[in-house]
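Written out below as structure tokens is the structure these notes cover.
What's counted below: heavy atoms across the whole structure, side chains too, no hydrogens, waters or symmetry copies. Quick note: residue numbers are just sequence positions, from 1.
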Amino acid sequence: MIRTVVPVVLVFVLAVIGVLHFVWAVTPWPWRDKIAFTKAIYGSDSGELPPPPLSALVGAALLGSAVLTLMVSDAIPGIGPDWLQFTGMVGLALVMLGRGAGGYFMNAGRAAEFRRWNSVLYSPLCLGLFLLATVVAVSATAR
């Protein structure tokens with residue numbers, strides 16, 4: 001069950017967040033305007049969206065991580081050696097750990113909306129993704 005459910009959950013969440021980053025490259029949806037978006041996502045009230053290529057790059061990295069998860073869990077054929085796929089999963093886990101644990105230090109000087117979202121959703125979600133990615137990586141070594 002761990003080898004099936006955990007990768008599916010991880011792939012789903014990474015894909016949804018990746019698609020959202022592509023959406024955010026062109027629109028502040030689901031927030032009503034750019035100022036509400038930047039307050040909730042970046043903690044500033046400037047209304048200045050990040051450069052679209054940067055949002056698209058993050059989206060591509062997240063979707064790539066979802067594909068990597070599918071490869072590591074043998075749901076699709078892998079590209080490259082197993083050790084490289086494993087290293088990619090460990091890298092994903094470490095990035096999520098860094099954002100999740102480090103996210104709490106990002107609250108200082110930020111808008112109240114960001115502090116709330118970051119403390120309740122963003123950082124805990126990243127810590128959860130860290131755990132899921134770690135389980136996928138460890139289960140891949142057990143094969």
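Considering all non-hydrogen atoms of both residues, Thr141 and Val138 come closest at OG1-O, 2.6 Å. Minimum heavy-atom separation, Ala140 to Val72: CB-CG1, 3.4 Å.
Side chains of Ile41 and Phe114 form no contact here, defined as non-hydrogen atoms less than 4.5 Å apart. When side chains are defined from C-beta on, Met106 counts as touching Arg99, because their heavy atoms get closer than 4.5 Å.
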Can you give the donor-acceptor pairs under 3.5 Å from side chains of residues 23-32 to other protein atoms, not counting sequence neighbours?
| residue | atom | partner | partner atom | Å |
| --- | --- | --- | --- | --- |
| Trp24 | NE1 | Trp29 | O | 2.7 |
| Thr27 | OG1 | Trp29 | N | 3.4 |

What donor-acceptor contacts under 3.5 angstrom involve side-chain atoms of residues 84-92, with partners at least two apart or in another chain?
| residue | atom | partner | partner atom | Å |
| --- | --- | --- | --- | --- |
| Gln85 | NE2 | Ile79 | O | 3.3 |
| Gln85 | NE2 | Gly80 | O | 3.3 |
| Thr87 | OG1 | Trp83 | O | 2.7 |

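For the pairing with Leu62, the side chain to side chain contact (heavy atoms under 4.5 Å, CB included) check across Leu20, Val19, Ile17 returns one residue only, Ile17.
Listed by chain and residue number, Asn118, Ser119 satisfy the side-chain hydrogen bond (donor to acceptor under 3.5 Å, both in side chains) test with Asn107 (two or more places apart in sequence, or in another chain). Every residue meeting the side-chain contact (heavy atoms from CB on, under 4.5 Å) condition with Ala75, not counting sequence neighbours, appears here in chain and number order: Leu70, Ser73. Scanning for side-chain contact (heavy atoms from CB on, under 4.5 Å) contacts around Val9 gives Val5, Val13, Leu132, with sequence neighbours left out. In this view, Thr134 satisfies the side-chain hydrogen bond (donor to acceptor under 3.5 Å, both in side chains) rule with no residue, not counting sequence neighbours. Every residue meeting the side-chain contact (heavy atoms from CB on, under 4.5 Å) condition with Val67, not counting sequence neighbours, appears here in chain and number order: Met71, Ile76.
Residues Val16 and Leu131 share a hydrophobic cluster, clusters being chains of Ile/Leu/Val/Met/Phe/Trp/Tyr side chains in contact below 4.5 Å. Residues Leu121 and Phe37 fall within the same hydrophobic cluster, defined by Ile, Leu, Val, Met, Phe, Trp and Tyr side chains chained together at heavy-atom separations under 4.5 Å. Using a 4.5 Å cut-off between side-chain heavy atoms of Ile, Leu, Val, Met, Phe, Trp and Tyr, with links allowed through other members, Val136 and Phe12 fall into the same hydrophobic cluster.
Applying the 4.5 Å side-chain rule to ILVMFWY residues, one finds that Leu57 remains a lone member of its cluster.
Dense packing is recorded around OH of Tyr104, with more than 12 heavy atoms of other residues, nucleotides or ligands lying under 6.0 Å away.
A side chain to side chain donor-acceptor pair (under 3.5 Å) check over residues 37-62, counting only residues at least two apart or in different chains, returns the pairs Ser44-Ser46.
We find the OG-CH2 distance between Ser123 and Trp117 to be 13.5 Å, quoted to the nearest 0.5 Å. Atom OG1 of Thr69 is separated from atom CG of Leu10 by 4.0 Å, given to the nearest 0.5 angstrom.
In this structure, the side chain of Arg115 does not engage the main chain of Ala108 through any donor-acceptor pair within 3.5 Å.
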Take Phe22 and Val58, measure what side chain to side chain contact (heavy atoms under 4.5 Å, CB included) needs, and give me the verdict at the end.
CA-CA 8 Å; Phe22 278 107; Val58 172; over 6 Å; no
